[in-house]
Number of protein chains: 2
Amino acid sequence: MSDPTVRALRLLSLLQTHQFWSGPELAERLSVSQRTLRRDFDRLRELGYRISAAPGVTGGYRLEASSALPPLLVDEDEAVAIAVGLRTAALHGLTDGEQTSLRALAKLEQVLPRNLRRRVNALQTHTMPAAWGEQPRVAADVLAQLALACRDQERVRFRYTARTGEESSRLVEPHSLVPQGHRWYLIAWDITRDDWRLFRIDRLEDLRRTGVRAQPRQLPTEDAAQFLNSALSATSDRYEMLLRLYMDRDRFEARFRHWGRGAFESQKGVMDWNIQGSTPEELLAYLFWLPEDVEWELHSDDPEVRSAAMRFRDRLDRAFQD
Amino acid sequence: MSDPTVRALRLLSLLQTHQFWSGPELAERLSVSQRTLRRDFDRLRELGYRISAAPGVTGGYRLEASSALPPLLVDEDEAVAIAVGLRTAALHGLTDGEQTSLRALAKLEQVLPRNLRRRVNALQTHTMPAAWGEQPRVAADVLAQLALACRDQERVRFRYTARTGEESSRLVEPHSLVPQGHRWYLIAWDITRDDWRLFRIDRLEDLRRTGVRAQPRQLPTEDAAQFLNSALSATSDRYEMLLRLYMDRDRFEARFRHWGRGAFESQKGVMDWNIQGSTPEELLAYLFWLPEDVEWELHSDDPEVRSAAMRFRDRLDRAFQD
DNA sequence: GTCATGCGGTCAGATCCTGTCCGCATGGTC
DNA sequence: GACCATGCGGACAGGATCTGACCGCATGAC
């Protein structure tokens with residue numbers, strides 16, 4: 001315990017679990033003299049951490065907010081909580097550039113012991129689903145692993161079920177993860193096909209990291225979003241509908257962030273949002289995300305979408321029939 | 001840069017941003033010889049971090065998952081992402097004991113620079129709301145601050161709007177935060193009233209920490225949940241309805257976790273859930289969380305609840321009228 | 001085989017870290 | 001206002017450490 005490095009870490013850790021600590025108490029815990037403790041604090045302060053101290057019986061040391069973020073020392077439970085939070089945030093696109101949560105997640109996943117990862121997965125599947133129709137629910141763990149692989153250009157292997165239902169085994173070099181309308185896609189260089197491919201991550205199973213690093217490759221398009229768009233326009237999902245929202249672009253964007261990428265302002269104050277999905281319920285689930293004070297219209301020629309909507313309406317109706 | 005402590009931290013940080021690093025590269029970045037670098041790795045390994053290394057041109061150093069979680073070194077964006085994730089997780093009760101996210105959150109909030117906290121708040125309010133009727137949306141930041149205060153028994157001040165609409169200014173010693181049916185409550189010792197009080201955190205404004213530590217106090221009940229129940233049963237919310245779900249207790253619990261605390265199994269395979277809220281929309285929002293394959297019934301004598309439901313039904317109806 | 005890389009031993013000199021001793025300042029309490 | 005617990009920082013000396021330089025060796029990819 002007499003190594004200054006260890007002490008520095010333990011000190012930061014202790015300061016993070018309680019706000020206030022008295023000198024004698026800390027000195028005793030670390031088995032050093034109080035003088036040395038003070039010197040340790042000096043060192044930390046030099047490193048940019050703001051540690052304030054107050055004399056007197058209610059005083060003590062305390063780590064304050066400063067510009068430098070101290071290393072976060074978390075225990076296992078907390079790590080699990082953070083991982084779950086980040087995965088959820090990434091899945092639902094809560095942060096700025098969605099890539100940020102992924103980056104943080106990659107850091108954590110890299111060092112998350114296997115048993116903790118299992119706990120995270122277990123928790124995640126018990127999570128409230130995003131909305132009514134059970135929804136993707138997939139692949140938060142896959143997302144996390146892929147984020148890590150993208151960051152490190154590490155080749156991965158997985159089984160993939162194409163839209164046609166055809167299964168295949170893939171070996172790819174992940175390039176990036178891109179969200180699009182409630183879904184995540186992986187853009188990767190498919191090694192056996194020797195070409196760029198797009199994968200829906202909820203169709204991806206049995207992901208394995210290979211441990212092999214690859215050279216970075218240049219995407220054929222300017223950026224990942226562009227690639228996604230061109231690749232997506234070539235295919236199409238089974239169900240679709242047009243949702244017209246009477247709100248202006250700014251508000252729409254503040255509200256829907258990257259989920260709303262496919263939408264455009266057809267007239268001033270009117271956003272047209274073309275929504276695709278593989279089940280009718282998935283489409284309808286969008287409706288529950290709409291703010292209450294926004295007028296909307298729905299257009300769909302598909303009788304199945306229509307009947308799913310009517311089913312829910314009837315259910316509501318029946319509930320109040322009594 | 002020649003301080004071993006600094007180097008240890010920077011090394012951990014670097015190892016977290018990329019998976020692989022070559023020795024010469026690291027040595028150059030840290031301005032030390034490769035020999036010293038190796039000694040640094042030895043030290044880290046002694047501290048329990050598993051750092052593997054491979055020779056050869058594709059080799060390099062790499063931080064692996066081990067039982068000891070290394071200190072998480074995050075940049076500003078990542079800290080924001082983590083904070084948002086944790087707040088969301090806490091608000092929605094995604095983790096084990098919901099207290100875990102709060103604990104992790106407290107650690108982070110304690111050191112989160114003010115400008116970052118602002119960003120977190122900004123993001124949080126742009127988040128997808130929990131459901132249709134705009135809902136609580138409150139107070140993720142308040143929750144975070146209170147978690148910190150509870151941990152440290154730090155007195156706080158705030159303005160509180162009672163259910164009667166009466167405003168008052170409070171000075172309390174926070175004891176614990178307890179979630180209950182989509183809401184969070186603060187249990188605290190009210191200093192001016194000289195008694196235990198229960199506060200709904202979405203009614204709490206203008207929270208200020210005082211920096212004054214208090215002595216821990218003994219709750220009058222065995223635990224916080226009990227206190228909450230007895231305090232809540234004394235009051236009641238404006239609107240209420242009974243939701244009857246045809247699912248068994250296990251499934252219910254796996255699904256709703258602590259949100260469903262008020263529910264009980266009235267017959268085998270039937271859960272009765274009494275839901276309160278301050279607006280009719282808030283009640284209805286619960287419906288959208290129900291799994292699609294579960295049958296439910298609703299009972300409410302309240303005409304307002306009924307008409308809110310009908311309003312949404314009509315909206316759906318109208319949408320498919322075309 | 002060749003190359004880039006990681007590993008660990010040894011040495012000497014410079015650097016640091018630590019505990020002890022000191023007097024001082026500050027905040028809360030009686 | 002006195003008292004106590006606490007935090008602060010200078011000085012010092014002995015011991016522990018850290019570092020760079022040098023070495024030969026092992027390993028993995030091409």
Side-chain angles (χ1 to χ4, degrees), chain A residues 1-11 14-15 18-47 49-64 153-155 173 191 210-215, chain B residues 1-11 14-15 18-47 49-64 153-155 173 191 210-215:
Chain A
M1 194 48 49
S2 57
D3 182 357
T5 304
V6 194
R7 272 205 319 272
L9 286 176
R10 285 206 54 196
L11 219 39
L14 289 172
L15 288 174
H18 284 301
Q19 178 118 234
F20 303 93
W21 287 93
S22 80
E25 193 173 357
L26 284 174
E28 218 250 330
R29 263 184 186 253
L30 301 174
S31 330
V32 291
S33 71
Q34 297 190 39
R35 185 69 188 85
T36 302
L37 181 69
R38 285 205 293 279
R39 279 192 276 243
D40 282 350
F41 278 123
D42 286 344
R43 211 194 326 260
L44 288 180
R45 286 194 254 247
E46 262 172 39
L47 287 181
Y49 306 122
R50 244 177 68 203
I51 292 160
S52 63
V57 64
T58 61
Y61 295 90
R62 146 179 195 163
L63 180 59
E64 307 222 337
Q153 269 114 34
E154 184 182 356
R155 287 188 185 165
E173 295 172 2
I191 292 170
T210 62
V212 179
R213 246 186 317 174
Q215 292 305 311
Chain B
M1 195 47 49
S2 57
D3 183 357
T5 304
V6 193
R7 271 205 319 272
L9 286 177
R10 284 205 54 196
L11 219 38
L14 289 172
L15 288 175
H18 285 301
Q19 178 118 235
F20 303 93
W21 286 94
S22 80
E25 194 173 356
L26 284 174
E28 216 250 331
R29 261 182 190 253
L30 301 174
S31 331
V32 290
S33 71
Q34 296 190 40
R35 187 67 188 87
T36 302
L37 181 69
R38 286 205 292 279
R39 280 191 276 243
D40 282 350
F41 278 123
D42 287 344
R43 210 195 325 263
L44 288 180
R45 286 193 255 248
E46 262 172 41
L47 286 182
Y49 305 122
R50 244 178 68 203
I51 292 160
S52 63
V57 64
T58 60
Y61 295 90
R62 147 179 193 166
L63 181 59
E64 307 225 337
Q153 270 114 34
E154 185 182 354
R155 288 189 184 163
E173 296 172 2
I191 292 169
T210 62
V212 179
R213 246 186 319 175
Q215 293 304 311

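Chain letters run A, B, ... following the sequence lines, proteins first and then strands; every chain starts at 1.
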Between [X] ([atom1]) and [N] ([atom2]), how many Å, whole number?
X	N	atom1	atom2	result
B/F20	C/dA4	CZ	C1'	16 Å
B/L44	C/dG6	CG	P	15 Å
B/L26	C/dA4	CG	C1'	15 Å
B/R62	C/dG6	CZ	P	14 Å
B/W21	C/dT5	CH2	C1'	17 Å
A/L30	C/dC17	CG	C1'	15 Å
B/F41	C/dC7	CZ	C1'	13 Å

Interatomic distance, B/T5 atom OG1 to A/E46 atom CD [nearest 0.5 angstrom]
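With rounding to 0.5 Å, OG1 (B/T5) is 10.5 Å from CD (A/E46).
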
With sequence neighbours excluded, residues passing salt bridge (charged side-chain N to carboxylate O under 4.0 Å, His left out) with A/E25:
none

Look at the side-chain N and O atoms of A/R45 and state whether any lies under 4.0 Å from the OP1 or OP2 oxygen of D/dC8.
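For D/dC8, OP1 or OP2 has a side-chain N or O of A/R45 closer than 4.0 Å.
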
Could you tell me if the ring centre of A/F41 sits under 6.0 Å from that of A/Y61?
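That pair passes the under 6.0 Å test.
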
Regarding B/D42 and B/R39, does a basic nitrogen lie under 4.0 Å from an acidic carboxylate oxygen?
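Not counted as a salt bridge, because no side-chain N and carboxylate O are separated by less than 4.0 Å.
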
Heavy-atom pair with the smallest gap, counting every atom of [X] and [Y]:
X	Y	value
A/T36	A/R7	CG2-NH2, 3.6 Å
B/G23	B/L37	O-CD2, 3.4 Å
B/Q34	B/A27	CG-CB, 3.7 Å
B/L15	B/W21	CD2-CD1, 3.9 Å

In terms of heavy-atom contacts, does CD of A/E64 have more than 12 from other residues, nucleotides or ligands at under 6.0 Å?
yes

Collect all protein-nucleotide pairs involving nucleotides 28-30 of chain C in which both atoms are nitrogen or oxygen and the distance is under 3.5 Å.
none

For each nucleotide in nucleotides 12-24 of chain D, reading 5' to 3', give B when a protein heavy atom comes within less than 4.0 Å of its base, S when such contact involves only the sugar-phosphate, and - otherwise.
------SBBB---

